[in-house]
Novice: 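What follows is a single structure, and I will ask about it in a moment.
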Amino acid sequence: GEKIMSKKKYAHLAVGLILALLVLFAVPEGNGLTAVGVRTLAVIAMTVYYWIFVGTDWVSLLAICLFAIAGTMPMKELIGKGLANTSALLIIFTSILCLALNYCGFMNRLITWFISRNVVRKRPWVFLALYYLAIYIIACFCNITSACLITLPVGVNIIQELGYSKEDKFSKVLLAGSMWCAMWGYAATPIGHPVALAIIGLLESSCGIQLSFFQFMTVGIPITLLMCVCSFLIVRFIIRPDMSKYVNYNVDAKRKELTKMEGREKATLIVFLLVIAFYFIPDILRYALPDFYSYTSSLTLLTPSIIGICVLVIITIDGAPLLDFKKALKDVSWSSYFMLAGMFTMSGAVSAESTGITAWLGNLITPLTANMTSWVPFILLIAAAATILTNFMSCNVVANMMFLAAVPLMASMGDNLNMIGVAMVIAITANAGVMTPQASGAAVVYLSSEYLTPAEGFKYGSWVIPVFIIAAVALIYPLCGILI
């Protein structure tokens, strides 16, 4: 098996190199594209191919070096645009804060609290709705893989407790719906979520537009909550699992699992909430206290994140710090950080004047959009492409590809397009990866369980994908024009 994988890897490395050489010798200079631009395009083509078929972490580091060798820009500038980018660094620190909540047991407490309310007694559909909601909330503030590793065992225990088998439709939809709602929560906020952070960073580096966490969430949360409702309605009225065994659910026994919240858990939660508050309060008060907003903006979100982590490490309760920093460094997703760094570097390479890539793409695309006055076909194309592609490759790669492809289109359409709206459509639809194991961290966890096969994930997921595309056109883009 390892030899076959090794051969596949070398084959893909060879294909990527051939692809770079084809671009290098087949794409001519001119029409705005410089010689440096041709070399940069060759690096981009090879990097994107490697991201899809080889890996994202070391490939991103290699790309940064290759851009320097290609003469795209000096290495110091590339480091500043990538590895030292604020949005890239945020994925590390926000992930560590979320890990602290997981370590103290708060995530498990949250699920248990929701499914032990009196309102779920003898009400199976209310139970299912609250269970999905709990998973959504956890995923809003947690790395997607971690969120699913926390929630999958809870779902399996419920299936076994109620007496359902692996073949029963209830078992399938409990886990499929959990996977969907986890991804919708993942799409709702930028906190510890690389796709959202990538789009925020790309929007600023490519278009010079700043999108705050608060602004992102004013659109992300209502849209994804609506997707949770749609997911529940699909399960309730279309898939319609047998809920008769819910009579076996013991609410009182579940409630007894809720032990008193101890000092460590309380303190960790308070620090986490204070950091989150600092993310949003300056933006809320930007017009009432402009000087305060200007000052806090200069600190960036890195400052409260790092201070929050330091406080968790300093505070000691029961003989141990609230956060085991060394453990957190091992558990944090460094691959996401390197991937984001590579994406931001690539964005800088595309927009660099020395390459002429932006002008070249604009000259190629402008004739195609000259008569396009409505945003509807453009958003429909973007949403459909992102939603479908993200089910067959990394959501991070899809977000980067779709955004870089959209930039010249947005420029050519000018005032006919809301750039923040386009960015939000990409950010949310790129997180619709629920149909295949390679689509997302959630799909990897849930579709590798004994209760939900990849074929079943594909079958049930096919119900929510069209809903996502319709929501992007009918709701996400218009809502951005209203709220942001």
Side-chain angles (χ1 to χ4, degrees), residues 111 115 124-136 138-139 144-145 147-160 162 164-188 223-246 383-384 386-393 395 398 428-472:
I111 299 178
I115 60 176
W125 294 110
V126 174
F127 166 86
L128 194 63
L130 289 179
Y131 179 71
Y132 287 163
L133 179 60
I135 292 175
Y136 168 85
I138 288 173
I144 189 62
T145 305
C148 293
L149 288 173
I150 293 167
T151 57
L152 176 61
V154 177
V156 171
N157 286 338
I158 290 170
I159 291 167
Q160 294 172 346
L162 296 181
Y164 287 101
S165 69
K166 297 174 184 177
E167 289 73 33
D168 287 326
K169 191 182 286 187
F170 173 86
S171 305
K172 310 297 181 187
V173 297
L174 181 73
L175 299 190
S178 301
M179 174 176 64
W180 301 344
C181 291
M183 286 307 297
W184 309 159
Y186 190 58
I223 290 295
T224 52
L225 275 174
L226 180 62
M227 285 304 302
C228 287
V229 173
C230 291
S231 301
F232 175 78
L233 294 176
I234 287 170
V235 172
R236 176 70 177 87
F237 295 106
I238 297 177
I239 303 175
R240 294 183 296 179
D242 171 28
M243 305 289 279
S244 61
K245 293 184 180 180
Y246 184 75
T387 304
I388 293 168
L389 287 174
T390 198
N391 279 285
F392 300 97
M393 63 177 75
C395 54
V398 170
I428 294 176
T429 55
N431 281 307
V434 296
M435 294 177 69
T436 64
Q438 63 266 39
S440 64
V444 168
V445 174
Y446 275 97
L447 297 183
S448 61
S449 72
E450 298 177 351
Y451 291 82
L452 188 65
T453 66
E456 290 162 344
F458 191 92
K459 180 178 74 172
Y460 292 125
S462 62
W463 284 106
V464 295
I465 296 305
V467 177
F468 226 99
I469 296 172
I470 293 169

Novice: State the OG1-CD1 distance between Thr429 and Ile223, to the nearest 0.5 angstrom.
Specialist: 11.5 Å
Novice: Measure across Cys148 and Pro153 and return the closest heavy-atom pair with its distance rounded to 0.1 Å.
Specialist: O-CD, 4.3 Å
Novice: Are the side chain of Ser231 and the backbone of Gly177 linked by a donor-acceptor contact shorter than 3.5 Å?
Specialist: no
Novice: Does Ile158 have any side chain to side chain contact (heavy atoms under 4.5 Å, CB included) partners at least two apart in sequence or in another chain, and if so, which?
Specialist: Ile115, Phe127, Tyr131, Val154, Leu162, Leu174
Novice: So, taking the atom named CD1 in Ile469 and the one named CD1 in Ile388, what distance separates them when rounded to the nearest 0.5 Å?
Specialist: 5.0 Å
Novice: Sequence neighbours left out, what passes side chain to side chain donor-acceptor pair (under 3.5 Å) with Asn391? Give chain and number order.
Specialist: none
Novice: Compare every heavy atom of Ala471 with every heavy atom of Met227, then report the nearest pair and how far apart it is.
Specialist: SD-CB, 4.3 Å
Novice: List the atom of Pro241, the atom of Val173, and the distance in Å for their closest heavy-atom pair.
Specialist: CG-CG2, 3.6 Å
Novice: Hey, is the main chain of Val445 close enough, under 3.5 Å, to the side chain of Ser448 for a donor-acceptor pair?
Specialist: yes
Novice: Could you check if a side-chain atom of Ile238 sits within less than 4.5 angstrom of a side-chain atom of Leu233, using non-hydrogen atoms only?
Specialist: no
Novice: In chain order, what residues pass the side chain to side chain contact (heavy atoms under 4.5 Å, CB included) check against Ala187, with sequence neighbours excluded?
Specialist: Thr224, Ile428, Asn431
Novice: Kindly give the heavy-atom pair with the smallest separation between Leu447 and Pro437, and that separation in Å.
Specialist: CD1-N, 3.8 Å
Novice: Considering only residues two or more places apart or on different chains, which pairs with a residue in residues 174-184 satisfy salt bridge (charged side-chain N to carboxylate O under 4.0 Å, His left out)?
Specialist: none
Novice: Can you name the side chain to side chain contact (heavy atoms under 4.5 Å, CB included) partners of Ser244, sequence neighbours left out?
Specialist: Asp242
Novice: Kindly check if the number of other-residue, nucleotide or ligand heavy atoms within 6.0 Å of CZ (Phe232) is above 12?
Specialist: yes
Novice: Going by side chain to side chain contact (heavy atoms under 4.5 Å, CB included), name the residues that satisfy it together with Lys166, two or more places apart in sequence or in a different chain.
Specialist: Glu450, Tyr451
Novice: Report the distance from atom CH2 of Trp125 to atom CZ of Arg236, rounding to the nearest 0.5 Å.
Specialist: 5.0 Å
Novice: To the nearest 0.5 Å, tell me how far Ile138 CD1 sits from Ile144 CD1.
Specialist: 10.5 Å
Novice: Roughly how far, to the nearest 0.5 Å, is CE of Met435 from CH2 of Trp180?
Specialist: 10.5 Å
Novice: Does the pair Lys172 and Ile239 meet the rule for a side chain to side chain contact (heavy atoms under 4.5 Å, CB included), with working shown?
Specialist: CA-CA 10 Å; Lys172 310 297 181 187; Ile239 303 175; over 6 Å; no
Novice: Compare all side-chain heavy atoms of Val464 with those of Ile234 and state whether any distance is below 4.5 angstrom.
Specialist: yes
Novice: The criterion is side chain to side chain donor-acceptor pair (under 3.5 Å); which residues satisfy it with Thr151, sequence neighbours excluded?
Specialist: Tyr446
Novice: Does Thr453 have any side chain to side chain donor-acceptor pair (under 3.5 Å) partners at least two apart in sequence or in another chain, and if so, which?
Specialist: Glu456
Novice: Go through the steps for Leu152 and Ser449 under the test side chain to side chain contact (heavy atoms under 4.5 Å, CB included), then give the verdict.
Specialist: CA-CA 9 Å; Leu152 176 61; Ser449 72; 4.1 Å; yes
Novice: My understanding is that only residues two or more places apart in sequence, or in another chain, count here; which of them pass ring pair (Phe, Tyr, Trp, His ring centres under 6.0 Å) with Trp184?
Specialist: Phe468
Novice: Looking only at heavy atoms, which two atoms of Val434 and Ala439 are closest? And how far apart?
Specialist: N-CB, 4.1 Å
Novice: Quick check: closest heavy atoms across Gly457 and Leu452, and the distance to 0.1 Å?
Specialist: N-CD1, 4.3 Å
Novice: Tyr460: what forms a ring pair (Phe, Tyr, Trp, His ring centres under 6.0 Å) with it, not counting sequence neighbours?
Specialist: none
Novice: Please determine whether side chain to side chain contact (heavy atoms under 4.5 Å, CB included) holds for the pair Tyr164 and Ser171, giving the CA-CA distance in whole Å, both sets of side-chain angles, and the decisive distance to 0.1 Å.
Specialist: CA-CA 7 Å; Tyr164 287 101; Ser171 305; 3.6 Å; yes
Novice: Can you tell me how far the CG atom of Leu130 sits from the CD1 atom of Ile111, to the nearest 0.5 Å?
Specialist: 12.5 Å
